[in-house]
Amino acid sequence: MAGPVPGGLTGDEQVTGEVLGVHYTDTSSGFGVIELAVDDDEDDPDLRTFGGARCTGPLADLTEGQTVTLVGRWTEHARYGRTFEATFYEQVAPSTVAGITAFLDTERFEDIAAAVRTRAVTTFGAGLGTVLEHQPERLTAEAGIEQADADALHTAWMSGLALARLVRLLQPASWPMEAVRAVHARFGPAAMDLVAEDPYQLLQADRVRFAHVDALGRAQGIGSTDPRRLRAGAHAAVTAARRQGGHQHVPRPDVVTASAQLLGVDRLVADDGIDAALAAGLLSQEEIDDVAVLAPASAFATERALARDLIRLLDADRARLTPFVEQLDLDPDLTQGQRDAVTAVFCSPVSVLTGGPGTGKTRTVQEVVRAAEAAGLEVALCAPTGRAAKRIEEVVGRAATTVHRLLEARPSSDGGFTFRYGSDEPLPHDLVVADEVSMCDTWLAGRLVAAVEDGAHLLLVGDPDQLPSVGPGDVLRDIVRSGEVPVTALTEIHRQAAGSRIVSLAREVLDGAPGPLKGADGDVFLAEERRRHVIVPRVVQAVAERAPDYFGVGVEDVQVLAPVYRGPVGVDALNAALKDALNPAAGRPEVGGFHVDDRVMQTRNDPELDLANGDVGRVVDLDRRAGTLRVGFPRGEVTLTREQARRLTPAWAVTVHKSQGGEWPVVVLVLDSSHHVMLWRNLVYTAITRARRALIVVGQAEALATAARVDRPSDRRTGLVWRLREARS
């Protein structure tokens, strides 16, 4: 099957064989380097060499034992020699019993019992692939395999086949591999039919953008004013506004403007697209504060339910907790604000506690929990991320968990979650304390509030001056602004925090006028550097040498933060340099691009593994052949498959947004004028307040001063305040 040798290439060439090994994978791009044992009947004798052929391309999803046909061309690599550069691949049934046995041992079939796989191979031998693809009924009739196991084998086999076909189908449209995987995960084999019927339906998959499906649709001849394209454009415009701006809904005129630009059509045509999206159920329209606004129907429903459940709790019988108010025996060292906050817990079914660093917010929560437990009440502590839950657990001295884990979340077939606890089965607790509520989007807050039982109390704790949630909504600020829920705002700085420059700098940033920074100022240190190419090396030196030596901490206690991913001093560049300095690859085995001792961050919620978006851990072991990583997170070690490892990202440096909910002994904050699009007040304030013992600013003090002057109040378009007030009017 091999084509002509390099030097005379014309068109695509093909090569078929069994994957002997996977040498490198990039989970973000899908790029992989594999070793292929070329079939013995290849026409080119040079391919039948010891060790197999080196192949590169979108091959990160391949596993050892899989048989594939690669389409691409032969090249001569300067270092590695003859290399086949694939543009896509097709799955082929393994031609040997050994090959199919090895393939069935991969993670794709890990949920199928080994005995079932063995029986299938014993019965059909190397012909099992043909049976699985074309005659799956023979698995039960001839091999005696239970129907459920037969279906699972068939589904797993066809899933791999569907991914290969999808890669080939989408390759001309230049789709990124992560988007291809997302479509495959969402739709499986049905994706092929959707592409033919209406490629714009693929927008339902995570990580798929309008540009991806539009390129595919236009390649299929779909016209610029085709109703399928117009309604998808309207939906994409709303989705983009919600994703990028955190809006719960978008005014209709804004959607007309955005979709007209996205589609390249005039406003009247774009408005027709909105009507088509409404008719198809892709969008819904409501009047909020006399403004016509658009959102997916589920977004409106989520916000309505959150408002309804907050009112339900506020109106519930208070007899369950109020008897304890007169019995409260509070610590006399508490400030009046702290005493008021504790009392509010037992006087109102819902209350809010806010405050910045040094105001005693945590001490107040400790007293609330102590008083509740002394009264024999069942208490639950939770936070949006595992890191935030671990921190409140440590400072309060009681077990805490993520919101997902508290509600016993489980993945659903559509890529979301289902929960055990909710309106039908409320939580069995008298008091639920939720910390870092500023990180909760409307959806997560809605799930939590719905699960609190009538007569129980919900205490929401957070700092509204921090960055809002990554997802749509502005829950903590909206609840405070509504005036419908009792709020205690702690403002007094306690003696033990009064001397901290970190605390005073944070308050100065909020006031818009930080005082001058110098080389060393208490627990804040400035490494002024205007030469951009020197910033990254200085950060590496601070993390690897200076901070550990000066503060007597380990490298794992130092966290680098930056406002942006891209650019010469963004998170990506910092991660690459820190990786090279602290844990170089040096030819060691890897899985998913990670090596033992790499610092990593989870990027998706996974309640089954008790992992939350933003959890930071360290790779403690790996098995390249099995394709697994063992990662130590704050709440224990977890073994991840290669597929699950795609949800990890390097975490030597993280964005300020990703740092929310965490604290580190030493924080290195990179601020440079090139970050100007992200330099605003609440972002820098959030970064400063992540430091517990010392803050090292690398870059320019003027960048910090600039950020403090840029007051970017939350301009998220939400309806929670309006809904709460309407319910009370």
Side-chain angles (χ1 to χ4, degrees), residues 19 22 25-32 34 57-71 86-93 103-104 106-112 129 132-133 136 151-217 219-220 232 411-417 592-593 603-606 627 640-648:
V19 179
V22 179
T25 58
D26 184 325
T27 56
S28 60
S29 67
F31 178 81
I34 68 167
L59 311 176
D61 290 281
L62 298 184
T63 56
E64 292 183 19
Q66 193 167 359
T67 301
V68 293
T69 293
L70 307 183
V71 179
T87 55
F88 59 87
Y89 69 89
E90 294 180 328
Q91 180 173 306
V92 178
F103 184 42
L104 292 179
T106 62
E107 62 189 62
R108 182 167 288 139
F109 300 89
E110 64 183 355
D111 293 332
I112 301 166
L132 287 169
E133 185 173 346
D151 291 343
L153 263 175
H154 173 67
T155 299
W157 180 272
M158 295 305 293
S159 177
L161 185 64
L163 178 58
R165 289 174 174 169
L166 199 59
V167 170
R168 179 172 187 171
L169 180 66
L170 299 178
Q171 186 270 335
S174 301
W175 275 45
M177 196 62 197
E178 65 175 12
V180 178
R181 285 199 206 98
V183 167
H184 179 254
R186 177 69 174 81
F187 299 109
M192 306 295 290
D193 294 333
L194 290 180
V195 170
E197 174 189 335
D198 179 3
Y200 293 95
Q201 292 184 70
L202 302 184
L203 279 168
Q204 299 172 53
D206 189 25
R207 298 179 183 272
V208 175
R209 302 292 178 257
F210 184 80
H212 302 152
V213 296
D214 201 37
L216 187 61
Q220 292 179 198
S412 59
S413 58
D414 62 358
F417 298 98
T603 61
R604 307 274 303 270
N605 289 319
D606 191 330
L640 305 175
T641 65
R642 193 186 301 274
E643 179 67 29
Q644 291 167 331
R646 294 195 178 103
R647 301 168 187 168
L648 299 177

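Quick caveat: nothing in here was measured; it's all calculated off a predicted structure.
Every pair passing salt bridge (Lys or Arg N to Asp or Glu O under 4.0 Å) that includes a residue from residues 190-201 is listed here, sequence neighbours excluded: D198-R231.
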Open item on the list: Between R604 and D206, is the side-chain contact (heavy atoms from CB on, under 4.5 Å) condition met? List the steps.
Closed with: CA-CA 12 Å; R604 307 274 303 270; D206 189 25; 3.5 Å; yes

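Residues H212 and P176 are in side-chain contact: their nearest non-hydrogen atoms beyond the backbone lie under 4.5 Å apart. Contact of the V213 side chain with the W175 side chain is registered, since non-hydrogen atoms from C-beta on lie closer than 4.5 Å.
Considering only residues two or more places apart in sequence or on other chains, R209 meets the salt bridge (Lys or Arg N to Asp or Glu O under 4.0 Å) condition with none of them. Take H154 and apply the side-chain hydrogen bond (donor to acceptor under 3.5 Å, both in side chains) test, not counting sequence neighbours, and it matches no residue. Residues meeting the side-chain contact (heavy atoms from CB on, under 4.5 Å) test with P199, sequence neighbours left out: L216, Q220, I222. Shown here are the side-chain contact (heavy atoms from CB on, under 4.5 Å) partners of A205, two or more places apart in sequence or in another chain: A182, V183, R186, F187, V208. E133 pairs by the side-chain contact (heavy atoms from CB on, under 4.5 Å) definition with W157, M158, L161, R165, not counting sequence neighbours.
Among V22, V68, I34, V19, the single residue meeting the side-chain contact (heavy atoms from CB on, under 4.5 Å) criterion with L59 is I34. Among T603, T641, D61, L640, the one residue that satisfies the side-chain contact (heavy atoms from CB on, under 4.5 Å) test with R646 is D61.
Taking CG of L166 as the start and CZ of F88 as the end, the distance is 12.5 Å to the nearest 0.5 Å.
Here the closest heavy-atom approach between residue R642 and residue G592 is recorded as NH1-N, 3.9 Å.
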